[in-house]
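In listed order, ligands and their atoms are each counted from 1. As the structure is a computational prediction, the values presented were derived from the model and not from experiment. Values below: all heavy atoms of this structure, side chains included; hydrogens, waters and symmetry mates excluded.
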Amino acid sequence: MKESISNHKIYLGAGPAALPAMVLQEASKAIIEFQNSGLSILEIPHRGSLVQSILDESNILVRELCNLTDEYEVLWLPGGGRMQFCMIPMNFLGDDETAGYVDSGHWAHDAMKYGSHFGNALSICSSKNVDYCTLPIFPTSIPNHLAYLHLTTNNTIYGTQWHTLPTHNTTLIADMSSDIFGLPRKFSNFDIFYAVAQKNLGAAGVTLVVVKREMLEKTKRILPPMLCYAAHAKKQSVLNTPPVYAIYISLLMLRWIKHKSLSVLHEENLKKAALLYNEIDRNNLFYPLVTNESDRSLMNVCFRTKDDKTAIEFSDFCTHNNIAGIKGHRSVGGFRASLYNATTLENVKTLVAVMQEFERIYS
Ligand SMILES: *Cc1c(COP(=O)(O)O)cnc(C)c1O
């Protein structure tokens, strides 16, 4: 397996995001034939032993990387992040109950809005009034009657991240879509955590959901099985035809993460982010979106140029230098470099060199 694929751009998109070359190569082989089965991975039956072995190994690796016992259920569910925004309140927020939401960004806010379809969704703290350019200040005490507290560990669009999580005394649910396995966390602090695969864990089409078994007995409504965590758990992620290929790519990512180790990846991620933030702070043509250093995301680095003309020029300059996916989210504008696990330190060094060259030519 090669460490890189020729002609492959440096891809810094926020999601779908870059995957390691080794994962892409291994995944492409499986399309032609999976494990000497004489079949493509796209053809193997979803209730057969090959798919079972993909699920079994994935679940073991998730438990291992998160340091969890089997009091947690590992599920692979379709529908993406937004489906979790629906399923959480559907399952765990009664009509007359209140759930707390930490309103720290676009996705966090969306999750709260989805919650309000099923019960009361209460903003516990918010940084909306400053366009989410900082993390909100977590209150010293929170209401004690909450059905659960929902937070988003990394705000993909605005580039803020909880490096240490607020303390809590309630059922804690986290959307970890854009930073799962980018840094070590105490996963056993959470009752449920979930992550769409297309950011730091593979391809679009599947969401990893880890749920404490005792939660499965607390479902608040009678739901059709596809919307019910307990039903998915009972069928071990094969209630319906699962997105086998997407799950397999997550398995390849999990093996890759385990091989590198979470602590090594975290160290690399710290280095990558420091390198880029330093350049944004230093370079006269750019300024950061998140000025509060302790709130800055290791995963999504957002910055702007002094004016629109420079933005267009920098955008073209990146394209010319084979760097793609660096445009900011449409709601924020500017630029966003996503430095997920698959982005190498070399990639970031190249980006920084391009920014320096841009400054030399254009200022
Ligand atoms: C991308 C993202 C989502 C949305 O995922 P979809 O699969 O597109 O619904 C949710 N939460 C966070 C934190 C994200 O980064």
- Going by the 4.0 angstrom heavy-atom rule, the piece of Ile157 near ligand 1 is neither

Return a table of donor-acceptor pairs under 3.5 angstrom between the side chains of residues 134-151 and protein atoms on other chains or two or more places apart.
| unit_1 | atom_1 | unit_2 | atom_2 | d |
| --- | --- | --- | --- | --- |
| Tyr148 | OH | Tyr101 | OH | 2.7 |
| His150 | NE2 | Tyr194 | OH | 2.8 |

- Message: Suppose we measure from atom 8 (O) of ligand 1 to each protein heavy atom; which comes out shortest, and what is that distance?
- Response: Arg82 NH1, 2.8 Å

- Message: Counting non-hydrogen protein atoms only, what is the nearest one to atom 14 (C) of ligand 1? Give residue, atom name and distance.
- Response: Lys199 NZ, 2.9 Å

- Query: Are Trp76 and Asn59 linked by a side-chain donor-acceptor pair shorter than 3.5 Å?
  - Reply: yes

- Quick one: does Gly79 get an N or O within less than 3.5 Å of an N or O on ligand 1? no

- Is the ring centre of Phe303 less than 6.0 Å from the ring centre of Tyr277? no

- Consider ligand 1: state whether an atom of it lies below 4.0 angstrom from any non-hydrogen atom of Gln198. yes

- Message: Judged on heavy-atom distance to atom 11 (N) of ligand 1, which of Asn154, Thr152, Asp175 sits nearest?
- Response: Asp175

- Task: Check the angle between the aromatic planes of Tyr158 and Tyr132 and answer parallel, tilted or perpendicular using the 30° and 60° thresholds.
- Result: tilted

Going by atom type alone, with no hydrogens or angles, which donor-acceptor pairs under 3.5 Å involve a side-chain atom of residues 85-93 and a protein atom two or more places apart or on another chain?
| unit_1 | atom_1 | unit_2 | atom_2 | d |
| --- | --- | --- | --- | --- |
| Asn91 | OD1 | Tyr229 | N | 3.2 |
| Asn91 | ND2 | Met87 | O | 2.8 |
| Asn91 | ND2 | Leu227 | O | 2.9 |

- Residue Val196 vicinity, atoms of ligand 1 by number, heavy atom under 4.0 Å: 5 (O), 7 (O)

- Message: Assess whether a salt bridge exists between Lys220 and Glu97, defined as any Lys/Arg side-chain N lying under 4.0 Å from an Asp/Glu carboxylate O.
- Response: yes

